[in-house]
2 protein chains.
Amino acid sequence: MQISASLDLPAPVSVAEVPIHAGNETLALDRKDLAILAELTTNARASHTELANKVGLSSTALARRQKALEDDGYIQAYQAALDLTQFGLTTTVLVRIALESQSDEALKAFEAEVVKCPSVVRCFLMSGTDDYILIVLARDIQDFERIHRTELSRLPRVARVQSSFALREVVNRAVPTVVFGETKR
Amino acid sequence: MQISASLDLPAPVSVAEVPIHAGNETLALDRKDLAILAELTTNARASHTELANKVGLSSTALARRQKALEDDGYIQAYQAALDLTQFGLTTTVLVRIALESQSDEALKAFEAEVVKCPSVVRCFLMSGTDDYILIVLARDIQDFERIHRTELSRLPRVARVQSSFALREVVNRAVPTVVFGETKR
DNA sequence: TCTCCTTGGGCACACCGACACGCATCCTGC
DNA sequence: GCAGGATGCGTGTCGGTGTGCCCAAGGAGA
C-alpha cells in the first residue's frame, strides 16, 4: 500500500543520465495510481465506481488505493476551484518588493503583515536582488491602485515596490504535467 | 437563484470612496453563498447535510444554492490538491524570458511551445521589459539545470532567460481572502 | 520443487447516507 | 392582501461506501 516514499529525496543524478522525464527515484506509485491522481485532479467528486471504470480497476481496489493516496499524503485536500473572473478579479499583477534590510527581524515583520493582505495570493522569498515577489489579484488597474495604497504601501520595512501587469495568462496548471508521467512501474 | 452577476463588471469607483474591502458592485451572492464557497474551497467533497450544518441552512436549500453556484459558473470544478513535495518538487523557480522580437508571430510560436513544457505551471505575458514570466517546479537546483537545458533553452525566439529561485513560499492561496468578504447583502 | 506467506484484485452483500421531489410555511415587495 | 421567491420538513429511491471472503501471482525459504 504505497509505503515509504515520504522521504526518499531525489538521488543525485548525473547530468547525462536523464532522458527527458525528471525524477526517477523509484516512486512508490504505479501508472494506475497516477491515473487516479490525474483523474481526481479534474474530478475530485468522482465516485469509486466512476473512477474504477476510468482507471481499469474494481471499485474495491480503487477505494483501497485512493485511501492509501490520502493517508500517505499524496492528496492534500479536495477543493472547489472558483472562477475568479466571476468575482471581477481579472487582473494579475506581479509585485517585486525590496526591503530596507535583510535582517531576520525585518523579514519576520514583513511576512507577518503580508499574509494578512487579502489581495495577495502568492508570496515568495527570493534569491537574488529582489527580496520578495508577490502575485496580486485585482479587478482592474484602478483597483490595483487602491490595493497598492491600502495593502502594499502599508507593509513594513519596504524600500522599493515594482509592479508588472500580466497582459495574458498563457499557462495555468495546478500540477505540472511531469508528475503524471514519472514512474518506473 | 443567484441570477445574472455574470457580466456586471466593476463599476467605476472613485478613489476615495472605497473603505477597505474591494469590489462592491452588488454581487449576486449573499453571505451564505460565500460561506458555501469558502467551505467548498476547503472540503470539496462535503455532503449537502454537512455543508448545511456549517452554513446554517437545510440540506434542501443548500443543494439548491450549490447547484446554482455551479450552473452560474462560480464553481469551475472540484479538484484534488496534490502535495507536490511528495513528488520531490520542492524547488520553485521564477523565470523571466525576453524574446528576440515582439511580433505576433514570435509570440504565437513561443506560446505554442511553452504550453508543452511539462515543468511549467504558470506563464504570463507581461507588460514592461520582460516579455514572459514563468513559474517552474523542479526537484532541486540540479534538476532545474536539466529543465533549463531540455525545456527552456529549446523554446523558440528566446533572446534572454533569467532565473530566480524561491527560497521560501510565504503565502500560497488559491483564492484571495478578499473574495469571501465582499457582499452587500 | 513444494509450501508458506504476502500483496493486490475482484465479487457479493448490506447498510447507511445522499439526493431529489413535493408540499407547507414564511417573508418581502408591490 | 396577494404574488413571488426562498426556506424547511418529510419521504422514497437510488447509489455509494465499507466489509468480509476468496482467488491469483510472486517471493522466500526449506
Side-chain angles (χ1 to χ4, degrees), chain A residues 1-6 8 25-81 86 180 182-185, chain B residues 1-6 8 25-81 86 180 182-185:
Chain A
M1 74 177 69
Q2 282 71 23
I3 22 73
S4 76
S6 325
D8 49 359
E25 79 280 17
T26 47
L27 200 54
L29 302 178
D30 61 10
R31 293 182 186 83
K32 290 186 176 176
D33 286 316
L34 296 179
I36 295 169
L37 293 178
E39 186 61 29
L40 285 173
T41 301
T42 308
N43 306 326
R45 309 197 68 155
S47 67
H48 290 169
T49 54
E50 188 178 345
L51 281 173
N53 290 333
K54 295 204 178 183
V55 176
L57 283 174
S58 70
S59 65
T60 314
L62 181 121
R64 274 195 287 256
R65 294 175 89 117
Q66 182 174 351
K67 182 171 191 322
L69 290 171
E70 295 168 357
D71 293 344
D72 295 347
Y74 290 100
I75 297 174
Q76 275 185 325
Y78 299 97
Q79 53 193 26
Q86 289 270 20
F180 301 125
E182 54 181 19
T183 179
K184 278 292 187 58
R185 299 203 270 172
Chain B
M1 75 174 65
Q2 284 72 25
I3 19 71
S4 80
S6 324
D8 50 357
E25 79 280 17
T26 46
L27 200 55
L29 303 178
D30 60 9
R31 292 184 186 82
K32 291 185 176 176
D33 286 317
L34 296 178
I36 294 169
L37 292 178
E39 185 60 30
L40 284 173
T41 301
T42 308
N43 305 326
R45 310 197 68 157
S47 66
H48 288 170
T49 54
E50 189 177 345
L51 282 174
N53 290 334
K54 297 204 177 184
V55 176
L57 283 175
S58 71
S59 64
T60 313
L62 181 122
R64 275 194 286 259
R65 295 175 87 117
Q66 182 175 352
K67 183 170 190 323
L69 290 171
E70 295 167 358
D71 293 343
D72 295 347
Y74 290 100
I75 298 174
Q76 275 185 325
Y78 298 97
Q79 52 194 24
Q86 289 270 18
F180 300 125
E182 54 180 22
T183 179
K184 278 295 186 55
R185 299 203 272 173

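A note on names: the letters A, B, ... follow the listed sequences, proteins ahead of strands, and every chain is numbered from 1.
The distance from atom CZ of B:Arg65 to atom C1' of C:dC19 is 19 Å, rounded to the nearest whole Å. Atom-to-atom, NZ of B:Lys67 to C1' of C:dA18 comes out at 16 Å; the value is rounded to the nearest Å. For the pair A:Glu70 CD and D:dT17 C1', the computed distance is 13 Å after rounding to whole Å. Nucleotide C:dG17 holds its C1' atom 14 Å from the CG atom of B:Asn53, rounded to whole Å. In this structure, CD1 of A:Ile36 is placed 13 Å from P of C:dG8, rounded to the nearest angstrom. Rounded to whole angstrom, the span from the CD atom of B:Glu50 across to the C1' atom of C:dC16 amounts to 15 Å.
Contacts classified as side chain to side chain donor-acceptor pair (under 3.5 Å) and involving residues 35-45 of chain A (residues at least two apart or in different chains) are given here: A:Glu39-A:Asn43, A:Glu39-A:Lys54.
Rounding to the nearest 0.5 Å gives a distance of 10.5 Å between CD of B:Glu50 and CG of B:Leu62. From B:Leu29, atom CG reaches atom CG of B:Leu37 across 6.5 Å, with rounding to the nearest 0.5 Å. Here CZ of B:Arg65 is found 12.0 Å from OH of B:Tyr74. Values are rounded to the nearest 0.5 Å. Here the CD1-NE2 distance, from B:Ile36 to B:His48, works out to 9.5 Å after rounding to the nearest 0.5 Å.
At distances below 3.5 Å, at least one donor-acceptor pair connects side-chain atoms of B:Asp30 with backbone N or O atoms of B:Lys32. With hydrogens and angles disregarded, no donor-acceptor distance shorter than 3.5 Å links the side chain of A:Gln86 to the backbone of B:Gln76.
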So which protein nitrogen or oxygen atoms get under 3.5 Å of nucleotides 25-28 of chain C's nitrogens or oxygens?
none

What protein N or O atoms touch nucleotides 8-14 of chain D N or O atoms at under 3.5 angstrom, if any, and at what distances?
residue: D:dG8; atom: OP2; partner: B:Ser58; partner atom: N; Å: 2.8
residue: D:dG8; atom: OP2; partner: B:Ser58; partner atom: OG; Å: 3.3
residue: D:dC9; atom: N4; partner: B:Thr60; partner atom: OG1; Å: 2.8

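Side-chain N/O atoms of A:His48 include none lying less than 4.0 angstrom from OP1 or OP2 on D:dG16.
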Let me see the working for B:Gln66 and B:Leu40 under side-chain contact (heavy atoms from CB on, under 4.5 Å), right down to the final yes or no. CA-CA 10 Å; B:Gln66 182 175 352; B:Leu40 284 173; 4.0 Å; yes
